[in-house]
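Take a look at the structure set out below.
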Amino acid sequence: MSSRMGGLMLALVFLFLIGPFLIIIAAGMSAGETLAFPPQGLSLRWFWAVFEVESFRASFVLSIVLAVGATLLALVLGVPVAYALARYPLPGGEAMRTLLTSPVIVPAIIVGLALLRYVVIPLDLGIVPALFVAHTALLVPYAVRVVSASLANLRSDIEEAAVLLGANRVQAFFLTVLPNIRNGILAAFILGFVTSFNQVPVSLFLTGPGVSTLPIQMLWYMEFTYDPSIAALSALLALMSMAIVLLAERFLGLSRYV
Amino acid sequence: MSDAAFLDLAGMTLGYDGKAAVESLDLAIKEGELVALLGPSGCGKTTTMRAIAGLLQPMGGRITLGGRDITSLPANRRNIGLVFQSYALFPHLSVFENVAFGLRRQRTPKDELERRVAGAVAMVGLTGFERRLPKELSGGQQQRVALARAVVVRPRLLLLDEPLSNLDARLRLEMRTELRRLQRELGITMVYVTHDQEEALALADRIVVMRDGKIEQMGPPEAIYETPATDFVARFVGFENVFEVRDGQLRAGNGAALPLQAPVDGDTAWLAWRPHAVELGQGPYEGRVRGTSYLGQSVEYLIESALGPIKAEAPAALPRHEAGRTVAFGLPPAAAAAITR
Amino acid sequence: MFTSRTTGLMLVLPAVVFIAVGFLAPVLILLAQSLRLEDGWGIGNYLAFMNDGLGREVFWRTIKLAALVTLAAAVIGYVAAWAIVETRPERRGVLVGMVILPLMISPVARTYAWLVILGRTGFLNVLITNLGLSEEPLRLLFTETAVFIGLLQLFLPLMIISLVSALENLPRDVVPAAQTLGAGWIATFFKVILPLTREGLVIGGTLVFTGSVTAYITPAVLGGSKVLMLETLLYQRVSVANDFASASVIAAILMVTTLAANRLLRRLATPRRR
């Protein structure tokens with residue numbers, strides 16, 4: 001295959017992967033009342049309009065709070081696991097590993113349904129705590145995997161050196177291990193945040209009147225309304241993700257962890 | 001024995017997962033002494049060192065340091081320094097902070113800390129490098145930082161785990177001299193783990209040769225080098241030709257035997273010759289020259305004989321024996337190290 | 001002290017308890033419920049689902065679409081990954097970043113783009129009617145093709161990334177070596193590149209296939225009730241029909257399908273000796 005043909009193929013692939021976003025951005029800038037491309041006149045009115053919709057605002061806040069909270073808890077649970085996997089013989093061996101990675105294997109929609117049927121309804125639990133539990137469980141394997149990757153380059157003898165210089169085990173971890181896996185933890189946070197923020201199937205059954213995450217709210221809205229506001233909102237979300245990813249790539253080399 | 005002992009290991013049994021790697025080891029080390037633990041990999045020398053440091057809990061036995069039983073004292077309260085084979089520098093900390101790490105754990109006052117770190121850094125010749133990160137240093141410089149970090153806290157005992165094995169040959173010689181100087185200056189007791197007999201001979205006051213978790217021989221370098229106590233030690237310190245003596249015969253591992261060239265004492269169990277002690281061109285035995293290597297001052301010969309391969313060495317000035325030729329050789333017991341029963 | 005089993009256990013315990021109680025237990029109960037009948041236990045719910053024409057149709061459509069998407073992703077993925085690996089290393093990073101970027105963007109936004117493109121007043125229809133190819137706007141949305149395109153765009157990056165890292169680990173010069181030995185491009189691909197990158201292909205394939213089988217957003221937005229897939233059917237059964245028995249059957253089918261795909265593909269990844 002000649003390199004010119006390879007370049008052409010690559011251009012087509014990127015047109016397919018990234019082109020649609022350019023179209024959404026353009027569609028969101030329409031001045032008209034209904035969704036169309038090419039847009040009927042240019043205006044930023046729909047970009048401002050999405051901020052006026054109360055249900056978007058509320059679900060955006062919930063999505064952010066949920067993503068931050070679930071990611072933090074997943075890290076609190078996952079970092080010790082990654083550390084244990086790197087330093088100790090794993091008790092329970094393969095079975096333990098399967099259990100810890102099960103949230104990745106189980107289709108997410110099942111988790112939402114199961115929590116609704118067997119936790120939320122019987123225990124009369126609020127929807128938000130259930131969302132929080134489901135998102136956290138989903139993120140733990142990611143946190144473990146990303147942090148493990150950065151622990152893999154760290155030899156265990158630096159902790160032994162710290163201990164011999166008078167540090168106890170806990171100090172040794174916080175003074176020598178943590179500073180050296182900081183980038184991995186930040187990368188795990190960003191990936192976790194993005195995953196949770198964009199998550200739909202888990203949240204599908206765990207939403208109710210007045211309580212909904214942003215992606216679910218968008219799905220509902222587009223079912224009944226055919227105006228450019230979802231295009232504008234999608235464009236905003238795409239730009240937000242791009243900004244996060246570019247910053248993370250610049251400072252952390254995020255692509256090493258994906 | 002334990003009167004003079006500063007570090008005393010008594011009946012130490014060590015291992016991982018219930019399997020003993022070192023069995024019932026006794027070892028006493030005097031204050032200010034530099035002792036080398038010498039042996040091939042897997043002989044238990046590193047395991048022993050880790051137990052002294054407190055990184056490995058012994059399965060049995062007792063460790064005493066300066067008259068105090070430290071067997072169950074946690075590693076971070078033993079005040080024993082360790083220079084790791086990999087140096088184990090903290091990658092995120094500067095040279096200064098690496099060296100200051102132990103002092104900060106002891107809450108050393110700021111001005112004293114700065115003074116002592118500066119002193120330790122100067123001692124290893126790295127003044128001016130304080131703000132560099134480990135990855136910005138060469139291997140030899142990292143080695144020096146590891147050394148400064150270990151001694152700045154004034155440990156009661158300094159352990160070194162193959163500290164020179166990651167350096168190139170020239171740097172290794174230089175650091176060897178440096179280590180010896182430091183040990184004299186600081187008067188610190190050191191336990192030095194190595195598989196390199198030359199390094200152990202050059203550095204140590206006393207060498208402990210280990211094999212399969214047991215001490216094979218212990219003594220000053222001269223004794224180890226000249227009068228090995230076992231055939232294993234003999235082979236390890238460069239006696240290439242080691243044969244069992246039985247019924248007036250030399251016996252090789254392959255079962256072959258040749259009569260002794262001259263009578264030996266009745267309690268001689270093994271005879272060991274260094275290559276240069278083998279007589280070449282004369283003597284009662286015969287062999288074929290399999291190969292020669294020119295070493296500059298001398299020539300080394302590999303001879304195929306009834307006893308198996310024999311390694312001999314002769315001054316380069318003498319006439320050569322060509323490969324493939326049959327050559328006479330002798331193994332005079334007077335030139336051999338005798339290992340008694 | 002550094003190899004104590006109890007310390008390891010203490011470190012993993014919080015996560016294990018959290019996942020076991022908050023995640024695995026409800027999921028297992030749900031899966032067990034699929035065997036629950038009005039009078040005892042059995043596979044009656046499964047038989048009912050498979051005898052129901054819609055259930056069977058949706059199941060096979062899901063498998064078919066996932067397989068087609070995986071196949072298309074593999075073909076396009078090899079071409080794209082090869083082109084990326086061939087570029088200079090400093091440009092390669094940027095290209096890989098451009099592949100990863102869409103993965104970080106909300107799938108709702110990504111799927112919505114196709115609504116804009118394929119809708120009645122969308123980009124393609126405007127193009128088609130303006131060019132006079134058709135009088136009426138075509139029905140492009142709510143077709144299997146629309147769902148296929150949406151899924152392919154969603155999951156293609158996963159395949160490309162897997163294949164890029166597989167191709168990067170290809171031993172140097174095996175391709176020129178094969179060609180100096182007289183192999184053409186097709187022989188080189190099937191005899192050298194494919195066997196050596198099989199593991200990457202299988203990893204990517206597993207991600208794309210299981211991702212497509214368990215997709216919700218794409219069939220929901222681009223397929224609607226005309227092109228149901230397993231997850232959209234499950235949602236319908238719960239939210240419209242309140243039929244938990246058949247929902248739990250679909251859940252179990254989803255679970256078994258993804259597990260089986262994982263197993264099967266992993267077996268394919270381990271090279272047989274010849």
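Chain naming here is simple, since letters A, B, ... match the order of the sequence lines and numbering starts at 1 in each.
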Measure the spacing between [atom1] of [X] and [atom2] of [Y] and express it to the nearest 0.5 Å.
X	Y	atom1	atom2	answer
A:D157	B:L82	CG	CG	9.0 Å
A:L164	B:F84	CG	CZ	5.0 Å
B:L89	A:R155	CG	CZ	11.5 Å
B:N76	A:Q171	CG	CD	8.0 Å

Among B:H92, B:Q106, B:R104, who wins on heavy-atom pairs under 4.5 Å with chain A? B:H92
Check A:L175 against B:R105 and note the closest heavy-atom contact, atom names and distance. CD1-CZ, 3.3 Å
If you look at every heavy atom in A:I158 and B:A88, which pair is closest and at what distance?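 So the two residues come closest at CG2-O, 3.7 Å.
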Counting only non-hydrogen atoms closer than 4.5 Å, does A:A172 touch chain B with its backbone (N, CA, C, O), its side chain (CB onward), both, or neither?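 Neither; nothing under 4.5 Å.
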Quick check on B:R181: does its CZ atom have over 12 non-hydrogen neighbours (other residues, nucleotides or ligands) under 6.0 Å away?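 Yes - once you tally the heavy atoms of other residues, nucleotides and ligands closer than 6.0 Å, there are more than 12.
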A:R57, CZ: over 12 other non-hydrogen atoms inside 6.0 angstrom: yes
